[in-house]
Amino acid sequence: MASNPGLLSRKSFASCKHKLSIASVFAACLRFFFLWFAHAAASTSAIDKSSPHHGFAELPRSVLLEIDRIKKEAYSHREATPEAIATWRKILDLDPANLEARVVGGWSMILSQHGDHDHGITLLEEAFDPTKVREVIDRRMPQTLFVAATIGRYRSQRGEYAKARKFTEMALELSKGHPMVPRGSSTPDGDVCLQMQLATMFDYFPESMDAADIAIERMNAHADRLLAHEGWAVNEKFLTSSFPGAASDPAVHCLLPLFSLSFYYRADVAEVASKNYELARRGWPALSTTAEHVKKYDAEEEHGCINRKIRLAVVAGVMKEGHSNSESFGGMLSRLDRDIFDVTYVFLPEQGDTRIASFTRTHAQDKVRIFSKLETEMANGAWTTRIGKEIASWEMDIIFYFELTMSSWVRRLGMQRLAPVQANSIGHPITSGIHRSVMQYYISWGAAELPIEESQKHYTEELKLLPSDIVYQYYEPRILPGSRSRADGMSFGHISLRDFHVPTDKNVYLCMQKPFKFHPEVDELLCGIMQKDPDSWLILHRESANQEVFVNRLVNKGCDLSRITFLEAQPHHRLLALYRDSTVILDSYPAGGDTTTREVLEMGKALVTLPARLLGGRWTEGYMTTIGLEKQTMERLVASTPEQYVDLAVKLGTDKIMRDEVEADIRSKVRNLFHREEAVAAWQEMFLEISPYQLCGNCGNFTIDSCTASSA
């Protein structure tokens, strides 16, 4: 037996890996590792089983013999089977500090289709904890890289930032000079996929604003270091054969979602999004493609008018019935003039539900295409080029992405230039980061943006604004006669605060926005209200993965937890009952409400807001302004500072006469929120303005300059 356990293990593991299938490589090689490790330990006295380690009690000889017997049984089973997992659990019952059972058993659990993945990851984590095992896992062993990386990726998927960063950084350090990491897929800083993860790893629920700022600084630093190197690439063969889950989609495994950027209001969002795009472009060069008809268009010096309809493709990953984006865009898209536009809907259901929203079936001539990932497209992060080629064959004039940063599939499609003009929009209120030569425009709403000279800085695309004096979409009411929800068809008239175990003799302040909008800036607002109104009761949305962090933040800001009710996500009709019976509705900050704001206004309820600098924090003021609320009402609802937000909320909560006046004004004006034909006209003019071609003659019912050009 060689005297260097680490070196021998590396050679043995590499040899073992080449002989095994992807599905079984890790568990089987870990078996080889532990069998060898036990023999090496016995030969060198590196481990003395007769002596307790880290305070663990000595095991009786009878127990050790039983463990050895069960271990042989465990290795007689196929890896990741229920039988194998059950035997490792038996060993842990006898010896909770057993390293081998934690690592091999934990890994079997995460590989199993029916295993307890969360428990498996916990067991792997505890293999690094000297208070949980007699001997922690040896970081010199090649296997440790894959264990640490798997823990990090799993925790990032769960939104558990501290653990995700800890283990991903550990894995990155272990990857430097690792014998199994291909040279072309690493830089002096380590494996490029792990660097990508750290460069795109948001603190999903930061403990403080300082923590949020530091997270962005770390991301930018990792991105800058990786982008500074040339000649690297993502080795998908290595990645998908070594890391659980990577084979399904290597790009998703390496590049974490950009979604959380829309809640980082102190960050340079355009810079962060742009670096995210550059990482994807460098990692998967095949995504940087241009359709042949687009090349032809670019080569033409002049473009004459056309005597056909403008070909408009609408692409989304969340075009489902009832989704907030279907609710926002469906009314407008279904009312565009079909004498002007030839419309094709493209749905990429990343979550697997292929049921498309009914608005896409309004016109028989509209085309609907639903694309899914094929089983043959494993281990290929650029697989969306297959969809891109088909869309390119349609020779579209405009491709309109109304929520480009909500789906990794759609985002990668948007990186391909498949039409002369491509535009992103406000289905998710953040820039794509894609270079303007590929994604030319971001279509937003003037009423919810800062002045153009300031707001343009937030986008890599050219910012185009819909008029600020109109409601920008064609909305339908979401509340039906008889106090019923249109979303789920259920009545809410019989539901009261008692059904939520909330006292009815308090001033109830409600904020049921999704918890990811609860960045630390909002804590002082919520707790300030509680401190200023001793009769207040707060209702908040429970945070699933980071509830403890949320509670600690609120306590640190002086909130009284005995007067807070945390609720899980509610069915829509129950949510409407909460709006109706709460005293004051609180807009989240800095990312505010959109669909929720419209629902609250439709209920005629007082809603306090503090507009922020980015689009997602300005919807509420925009709606209140464009439906025509009185100046005094606006002054009672729209704050300009955190302190004023608290004051306005408490005044409304404690002064029923003022609250009644505000709610009466809202009820009298809310009808202006719905069925706005001018919104359809504004979008139609916007599409005509950005169209690569002008139409010869009049544009149906719309006669504007861009439609009346004579034939070239």
> Run N424 and T431 through side chain to side chain contact (heavy atoms under 4.5 Å, CB included) and show every step you take.
CA-CA 8 Å; N424 186 15; T431 181; 5.6 Å; no
> Got a second to check how far Y264's OH is from I430's CD1, nearest 0.5 Å?
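Answer rounded to 0.5 Å: 12.0 Å.
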> What I'd like to find out is whether the side chain of I399 reaches to under 4.5 Å of the side chain of L413, using heavy atoms alone.
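SC-SC contact between I399 and L413 ruled out.
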> Between the side chain of S260 and the main-chain N/O of Y204, is any donor-acceptor distance below 3.5 Å?
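Such a contact is absent between S260 side chain and Y204 backbone.
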> Spell out, as yes or no, whether a donor-acceptor pair under 3.5 Å connects the side chain of K373 to the backbone of S248.
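Checking the backbone N and O of S248 against the side chain of K373, a donor-acceptor pair under 3.5 Å is found.
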> Please confirm whether the backbone N or O of E321 pairs with a side-chain atom of R355, one donor and one acceptor, at under 3.5 Å?
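It does not hold such a pair.
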> Counting N and O atoms only, with roles assigned by atom type, does the side chain of Y442 sit under 3.5 Å from a partner on the main chain of E462, one being a donor and the other an acceptor?
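Flag not set: sc Y442 to bb E462 has no pair under 3.5 Å.
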> Looking at P420 and H293, what are the two nearest heavy atoms and their distance?
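Closest approach of P420 to H293, heavy atoms only: CD-NE2, 3.8 Å.
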> Strictly distance-based, threshold 3.5 Å: is any side-chain N or O of S112 a donor or acceptor partner for the main-chain N or O of S108?
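Absent.
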> Once rounded to the nearest 0.5 Å, what's the spacing between atom CG of N235 and atom OG of S241?
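If I round to the nearest 0.5 Å, the distance is 8.0 Å.
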> If we only count heavy atoms from C-beta on, is the L348 to V315 side-chain gap below 4.5 Å?
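Result yes, sub-4.5 Å side-chain heavy-atom pair found.
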> Applying salt bridge (charged side-chain N to carboxylate O under 4.0 Å, His left out) to E278 and K275, what does each step give before you reach the verdict?
CA-CA 5 Å; E278 287 298 321; K275 290 176 181 178; over 6 Å; no
> Would you check if the side chain of E73 reaches a backbone N or O of T87 as a donor-acceptor pair within less than 3.5 Å?
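No, E73 side chain to T87 backbone: no donor-acceptor pair under 3.5 Å.
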> How long is the span from the OH atom in Y459 to the CG atom in L614, to the nearest 0.5 Å?
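The CG atom of L614 is 7.0 Å from OH of Y459, to the nearest 0.5 Å.
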> Do we see a donor-acceptor contact under 3.5 Å between the side chains of R361 and S358?
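Their side chains do not contain a donor-acceptor pair, so the 3.5 Å distance test is not met.
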> Is there a ring pair (Phe, Tyr, Trp, His ring centres under 6.0 Å) between F202 and F263? Walk through the geometry before answering.
CA-CA 10 Å; F202 291 94; F263 314 119; 9.2 Å; no
> With the side chain counted from C-beta on, respond yes when K367 and W394 share a heavy-atom pair under 4.5 Å apart, and no when they do not.
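Not in contact.
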> Using a 3.5 Å distance criterion without hydrogens, assess whether the side chain of E327 forms a donor-acceptor pair with backbone atoms of H323.
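A pair under 3.5 Å: no.
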> Decide side chain to side chain contact (heavy atoms under 4.5 Å, CB included) for M219 and V272; before the verdict, give the C-alpha distance in whole Å, the side-chain angles of both, and the deciding distance to 0.1 Å.
CA-CA 8 Å; M219 288 172 57; V272 174; 4.1 Å; yes
> What's the spacing between K237 NZ and S242 OG if we round to 0.5 Å?
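Answer rounded to 0.5 Å: 11.0 Å.
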> Please confirm whether the backbone N or O of P692 pairs with a side-chain atom of Y297, one donor and one acceptor, at under 3.5 Å?
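Flag set: sc Y297 to bb P692 pair under 3.5 Å.
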> Any heavy-atom pair between the side chains of I151 and F128 that's under 4.5 Å?
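They are in side-chain contact.
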> Show me the pairs that pass side chain to side chain donor-acceptor pair (under 3.5 Å) and involve residues 183-194, at least two apart or across chains.
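Passing the test, one end in residues 183-194: T187-Q195.
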> By the ring-ring contact (aromatic ring centres under 6.0 Å, His included) test, which pairs, at least two apart or in different chains, include something from residues 406-441?
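Listed by first then second residue: F259-H428, W383-W409.
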> Measure across L255 and A280 and return the closest heavy-atom pair with its distance rounded to 0.1 Å.
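Result for this residue pair: CD1-CB, 3.4 Å.
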> Measure from the side-chain N and O atoms of R158 to the backbone N and O of A545, and report whether any donor-acceptor pair falls under 3.5 Å.
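It does not hold such a pair.
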> Do other residues, nucleotides or ligands put more than 12 heavy atoms under 6.0 Å from E271 CD?
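Yes.
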> Looking at D118 and R155, is there a salt bridge between them, counting it only when a charged N and a carboxylate O are closer than 4.0 Å?
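The answer is yes: the pair qualifies as a salt bridge.
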> Could you tell me which residues satisfy ring-ring contact (aromatic ring centres under 6.0 Å, His included) with W88, sequence neighbours excluded, listed by chain and number?
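Partners of W88 by the ring-ring contact (aromatic ring centres under 6.0 Å, His included) criterion, ordered by chain and then number, come out as Y75.
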> Of all heavy-atom pairs between K132 and E126, which one has the smallest distance, and what is that distance?
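Result for this residue pair: CB-O, 3.7 Å.
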> Begin with the C-alpha distance, continue with both residues' side-chain angles, and end with the deciding distance and a verdict on side chain to side chain contact (heavy atoms under 4.5 Å, CB included) for T344 and R311.
CA-CA 8 Å; T344 300; R311 301 184 188 119; over 6 Å; no
> How about T144 and L174: do any of their side-chain heavy atoms sit closer than 4.5 Å?
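Counting from C-beta outward, T144 and L174 do come under 4.5 Å.
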> Can you confirm whether K176 is buried at NZ, in the sense that more than 12 heavy atoms of other residues, nucleotides or ligands lie under 6.0 Å from that atom?
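Yes - once you tally the heavy atoms of other residues, nucleotides and ligands closer than 6.0 Å, there are more than 12.
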> Side-chain contact test, heavy atoms from C-beta onward, threshold under 4.5 Å: evaluate it for H519 versus P206 and give yes or no.
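A side-chain contact under 4.5 Å exists here.
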> Using a strict cut-off of less than 4.0 Å between a Lys/Arg side-chain nitrogen and an Asp/Glu carboxylate oxygen, indicate whether R386 and E390 qualify as a salt bridge.
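No, this pair does not count.
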> Which heavy-atom pair separates L258 from S432 by the least distance, and what is that distance?
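What the structure gives for the nearest pair is CD2-O, 4.0 Å.
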> If you look at every heavy atom in L279 and W232, which pair is closest and at what distance?
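Taking L279 first and W232 second, the nearest heavy atoms are O-CH2, 4.2 Å.
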> Given side chain to side chain contact (heavy atoms under 4.5 Å, CB included), test L172 with S175 step by step and report yes or no.
CA-CA 5 Å; L172 180 62; S175 73; 3.9 Å; yes
> How far apart are the closest heavy atoms of H253 and C193, and which atoms are they?
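For H253 and C193, the tightest heavy-atom pair comes out as CD2-SG, 3.7 Å.
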> Can you tell me how far apart CD1 (I110) and CD1 (I85) are? Round to the nearest 0.5 Å.
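Taking CD1 in I110 and CD1 in I85, the distance rounds to 10.5 Å.
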> Side-chain contact, heavy-atom cut-off 4.5 Å: L287 with T385?
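Sidechains of T385 and L287: in contact.
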> Walk me through whether F243 and F146 qualify under ring pair (Phe, Tyr, Trp, His ring centres under 6.0 Å).
CA-CA 7 Å; F243 298 93; F146 305 104; 5.3 Å; yes
> Are there over 12 heavy-atom neighbours, none belonging to R436, within less than 6.0 Å of that residue's CZ?
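Yes - once you tally the heavy atoms of other residues, nucleotides and ligands closer than 6.0 Å, there are more than 12.
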> Looking at S408, is its backbone amide N or carbonyl O close enough to the side chain of E350 to form a donor-acceptor pair, meaning the two atoms are under 3.5 Å apart?
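Side chain of E350 to backbone of S408: a pair is present.
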> Would you check if N276 and R411 make a side-chain contact, meaning some heavy-atom pair closer than 4.5 Å?
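A side-chain contact exists here, since the closest heavy-atom pair is under 4.5 Å.
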> Once rounded to the nearest 0.5 Å, what's the spacing between atom NZ of K389 and atom OG1 of T289?
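So the gap between those two atoms works out to 8.0 Å.
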